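Keep in mind the model is a prediction, meaning the values are calculated, not measured. Below, chains carry the letters A, B, ... as their sequence lines are ordered, and counting in each starts from 1.
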Amino acid sequence: MDGFGSDFSVGGSSSGKVDTGAIMEQVKVQIAVANAQELLQRMTDKCFRKCIGKPGGSLDNSEQKCVAMCMDRYMDAWNIVSRAYNSRLQRERAKM
Amino acid sequence: MSDFDSNLDLAGTGASPAEAAELQRMLAVEQQKAQFTAQVHNFMDVCWDKCIDRPGNKLDSRTESCLVSCVDRFIDTTLSITNRFAQIVQKGAH
C-alpha cells in the first residue's frame with residue numbers, strides 16, 4: 001500500500017468539491033492492485049518450494065506443469081480458506 | 001494501514017462534514033475487507049503447507065476438509081492461547 005496518500009488529491013473534482021465516489025474508486029483500485037501483488041508473491045513462494053526441488057539449467061517441462069497446476073490449486077485453496085474463515089466469523093458473531 | 005481512516009485530513013478539500021463522514025465510513029468498510037484478506041493470506045501460509053502435499057489436477061475432498069479444519073483449529077488455538085495468556089497475566093499481577 002505504498003503511496004496510498006500520494007494520489008489522493010485527484011479525488012477532488014474541478015469544481016472544488018470532493019468527489020467521494022472518485023476517491024473510493026481510486027482506493028478500491030489501489031487495494032485490488034495490492035491484493036494481486038500480495039497473492040502473486042505468496043503464490044510464487046509456495047509454488048517454487050513445491051515444484052522446484054533442485055534448480056537446474058532451466059525450468060523443465062515437468063516443473064512448468066507443476067507450477068501451472070500449483071497456481072490453480074493455490075487459488076482453489078485460497079477460496080476455500082476464505083469461505084471457511086467467513087463462515088467462522090459469522091458463527092462467532094451469532095454467538096455474541 | 002491500520003489507522004488510515006483516522007488520520008484522513010479533508011481540510012481544504014471543500015468536503016462537508018457529511019461528505020467526510022461518508023468517506024470515513026466507506027474507507028472503514030474497505031479497511032475491514034483488507035484485514036479479512038490479510039488474514040486469509042496468513043491462514044494460507046500455514047494451511048497450504050499442512051494440507052497440500054503435491055498439487056494435483058484438483059483439490060480432493062480430503063484436502064478441502066483439511067483446509068477448513070486448519071482454519072477453524074488455528075482460530076481455536078488463537079482463542080485458547082489468548083485466554084490462557086490472559087489468565088497467566090492476571091495471576092502474575094496479584
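Counting heavy-atom pairs closer than 4.5 Å to chain B, the top residue among R83(A), M71(A), R49(A), M69(A) is M69(A). Chosen from K33(B), M26(B), M44(B), the residue pairing most often with chain A at heavy-atom distances under 4.5 Å is M44(B). The most heavy-atom pairs under 4.5 Å with chain A, out of A38(B), G56(B), C51(B), come from G56(B). Ranking D49(B), T37(B), L59(B) against chain A, the residue ahead of the rest is L59(B), based on heavy-atom pairs under 4.5 Å.
Residues W48(B) and C70(A) come closest through the heavy atom pair CZ2-SG, 3.6 Å.
Looking only at atom types and distance, the side chain of D60(B) has a donor-acceptor partner in the side chain of T63(B) under 3.5 Å away.
N35(A) contributes atom CG, which lies 5.5 Å from atom NE2 of H41(B) (distance to the nearest 0.5 angstrom).
Proximity to chain A (any heavy atom under 4.5 Å) is restricted, for D53(B), to the backbone atoms N, CA, C and O. Only the side chain of V71(B) comes within contact range of chain A, judged by heavy atoms closer than 4.5 Å. For L89(A), the part sitting under 4.5 Å from any heavy atom of chain B is the side chain, from C-beta outward, and nothing else.
Under the 3.5 Å distance criterion, the side-chain polar atoms of Q64(A) are matched with a main-chain donor or acceptor of L59(A). For K46(A) (side chain) and Y74(A) (main-chain N/O), no donor-acceptor pair under 3.5 Å exists by modelled atom type.
Other residues, nucleotides and ligands contribute at most 12 non-hydrogen atoms within 6.0 Å of the CZ atom of F74(B).
Salt-bridge check for D72(B) with R91(A): passed, with a basic side-chain N closer than 4.0 Å to an acidic carboxylate O. Ionic pairing of K95(A) and E92(A) is present here: one or more N-O contacts between side-chain nitrogen and carboxylate oxygen are shorter than 4.0 angstrom.
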*Evaluate salt bridge (charged side-chain N to carboxylate O under 4.0 Å, His left out) for R42(A) paired with D45(A), printing each intermediate quantity in order.*
CA-CA 5 Å; R42(A) 286 171 181 264; D45(A) 184 79; over 6 Å; no
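Identified by a heavy-atom distance below 4.5 Å to chain A, the contributing residues of residues 78-87 of chain B are L79(B), in residue-number order.
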